[in-house]
Amino acid sequence: MADVKKIAVIAGDGIGPEVVAEAIKVMKKTEEVFGYRFEFEHGLFGGIAIDEKGTPLPEETLEICKKSDAVLLGAVGGPKWDNNPKELRPETGLLGIRKALGLFSNIRPAVIFDCLKDASTLKPEVLEGTDLIVVRELTGGIYFGEKFRREGENGQEAVDTCVYNVAEVERIVRQAFDIARTRRKKLASVDKANVLETSRLWRETVNRIAPDYPDVELEHVLVDNCAMQLLRRPSSFDVIVTENMFGDILSDEAAMLTGSIGMLSSASLGEGAFGLYEPVHGSAPDIAGQGIANPVATILSVALMYRLTFGYHDAAEAIERAVKEVLDAGHRTGDIAVDKSKAIGTSAMGELIVNAIRK
């Protein structure tokens, strides 16, 4: 019998609980089909944790995560907490959990499903062959640098400090090179080295370690040019590696190539096999509780978990194949439906995918 893997389940806010529920159904189906075993422990996180525990990241939730083999996260945030002080905002909990669990890289695949090309705002011929991964540094840069305000000649000034050291850059870039080796062996390192000193350090570090990966073709791309080329020639990218803020922006842009942010999975990884897996989309409070959210991104995040943390490649492929079959058969949630009147709900989409999973 397979080892029991402990999964920390953090449903979060908005549509988080709805999409996570479908992902857990998928995991239970893979237990039946492949014999894998999972133990789920739930924790509060984000806005709901602020309301019930007075903090976005309760200590007991962090302990559940630390004792687990992987974390499945729904979504956090919403307008209810937008005007809270910094320490009582759901996003502060996200930064905190990444730091506490040592999750320094975010992996975001952007793959085009042939049957969904019409859902994208780009022409199908531009999208043809698009299959890329954005590798984003997650615990450094301007999001974590010193922040303060001061009085200046023209009134109050705000300062956000962007800091990177060589070790931080090297570990994320080596991880990206390693991922590129398993794919089409092309790496685009994205920076703003013509302006920023942190980017010049980034590029110097990339160039120093690149000779260790002679089989990978390296391209340096300035971030503004990369944003343009993602729309002009998305299929030319294989793996993109970049710093925290650039990665935050570019990965959302890459997500929209697919037609819906509700389709894309992500993984946040550290040094070992442990990872936190979540859909790229947010909590979508405007549709929460209506049963119409797209669960595919969360379900594909489970496939990513199986692949990257557990090495359960057979089950990962079965999930991805099931998603493709259901989409190819024409089933759509509202965000990807051309004819909204024929859209199906969250649980109906989850159930179809569950029923399509087989060896």
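Values reported hereafter were calculated over all heavy atoms of this structure, with side chains retained and with hydrogens, waters and symmetry mates removed.
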Expected list for residues 341-351: side-chain donor-acceptor pairs under 3.5 angstrom, two or more places apart:
residue, atom, partner, partner atom, Å
Ser341, OG, Asp339, OD1, 2.5
Ser341, OG, Asp339, OD2, 3.4
Thr346, OG1, Gly291, O, 3.2
Thr346, OG1, Ile292, N, 3.3
Thr346, OG1, Ala293, N, 2.8
Thr346, OG1, Ala293, O, 2.7

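- Look at Lys185 and Asp238 and you find no salt bridge, because none of the NZ, NE, NH1 or NH2 atoms lies under 4.0 Å from a carboxylate O.
- Few gaps surround CZ on Arg184; more than 12 heavy atoms of other groups in view lie less than 6.0 Å from it.
- Side-chain atoms of Pro285 and Pro79, non-hydrogen and from C-beta on, do get closer than 4.5 Å to each other.
- Taking a cutoff of 4.0 Å between a charged side-chain nitrogen and a carboxylate oxygen, Glu243 and Arg136 do not qualify as a salt bridge.
- Salt bridge annotation for Lys29-Glu32: absent, with no cationic side-chain nitrogen under 4.0 angstrom from a carboxylate oxygen.
- Atom NZ of Lys6 has 12 or fewer heavy atoms from other residues, nucleotides or ligands within 6.0 Å.
- Sorted by first then second residue, the ring-ring contact (aromatic ring centres under 6.0 Å, His included) pairs that include residues 153-204, not counting sequence neighbours, are Tyr164-Trp202, Phe177-Tyr213.
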- Message: Under the criterion ring-ring contact (aromatic ring centres under 6.0 Å, His included), I'd like the reasoning laid out for Phe38 against Tyr306: C-alpha separation, chi angles, the key distance, then a yes or no.
- Response: CA-CA 12 Å; Phe38 302 103; Tyr306 286 3; 5.5 Å; yes
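- Between Glu59 and Lys53 there is no salt bridge, since none of the side-chain N atoms of the basic residue sits less than 4.0 Å from a carboxylate O of the acidic one.
- Looking only at side-chain heavy atoms (C-beta outward), Val9 and Glu41 stay at 4.5 Å or farther from each other.
- Using a cut-off of 4.0 Å between Lys/Arg side-chain N and Asp/Glu carboxylate O, Lys186 and Glu217 are scored as not salt-bridged.
- With salt bridges taken as basic N to acidic carboxylate O contacts below 4.0 Å, none links Lys25 and Glu31.
- Cation-pi geometry between Lys192 and Phe246 is not met at under 6.0 angstrom from the ring centre and within 45 degrees of the axis.
- Residues that satisfy the side-chain hydrogen bond (donor to acceptor under 3.5 Å, both in side chains) test with Thr139, not counting sequence neighbours, are Glu137, Arg171.
- Within a 6.0 Å radius of NZ in Lys147, other residues, nucleotides and ligands contribute more than 12 heavy atoms.
- The two residues Val280 and Asp252 come nearest to each other via the heavy atoms CG1-OD1, 3.9 Å.
- A cation-pi contact, defined as under 6.0 Å to the ring centre and within 45° of the axis, links Arg233 to Phe237.
- Other members of the hydrophobic cluster containing Phe45, listed by chain and number, are Ile10, Leu57, Leu62, Val71, Leu73, Val76, Leu94, Ile97, Leu101, Leu103, Phe274, Leu276; membership follows side-chain contacts under 4.5 Å among ILVMFWY residues, whether direct or relayed.
- Contacts of Glu317 classified as side-chain hydrogen bond (donor to acceptor under 3.5 Å, both in side chains), with partners at least two apart in sequence or in another chain: none.
- Judged purely by distance below 3.5 Å, without hydrogens or angles, the side chains of Asp335 and His281 never pair a donor atom with an acceptor atom.
- Remark: the Ser268 side chain and the Tyr277 side chain contain no N/O donor-acceptor pair separated by less than 3.5 Å.
- Contact check on Arg200 versus Asp191 returns no salt bridge, with no Lys/Arg side-chain nitrogen under 4.0 Å from an Asp/Glu carboxylate oxygen.
- A salt bridge between Asp51 and Lys80 is present, with a side-chain N of the basic residue lying under 4.0 Å from a carboxylate O of the acidic one.
- The shortest distance between side-chain heavy atoms of Ser120 and Thr258 does not fall below 4.5 Å.
- A donor-acceptor contact closer than 3.5 angstrom links the side chains of Tyr143 and Asp248.
- Of the residues listed (Val166, Val163, Asn165, Leu196), the one engaging Leu201 in a side chain to side chain contact (heavy atoms under 4.5 Å, CB included) is Val166, and it is the only one.
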- Message: Evaluate Ser105 against Gln175 for side-chain hydrogen bond (donor to acceptor under 3.5 Å, both in side chains), listing each step before the verdict.
- Response: CA-CA 8 Å; Ser105 90; Gln175 189 179 72; 2.4 Å; yes
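- By the side-chain hydrogen bond (donor to acceptor under 3.5 Å, both in side chains) test, Lys117 is found to be paired with Glu128, residues two or more places apart in sequence or in another chain being considered.
- Between the side chains of Glu170 and Thr205, no donor-acceptor pair is found at a separation under 3.5 Å.
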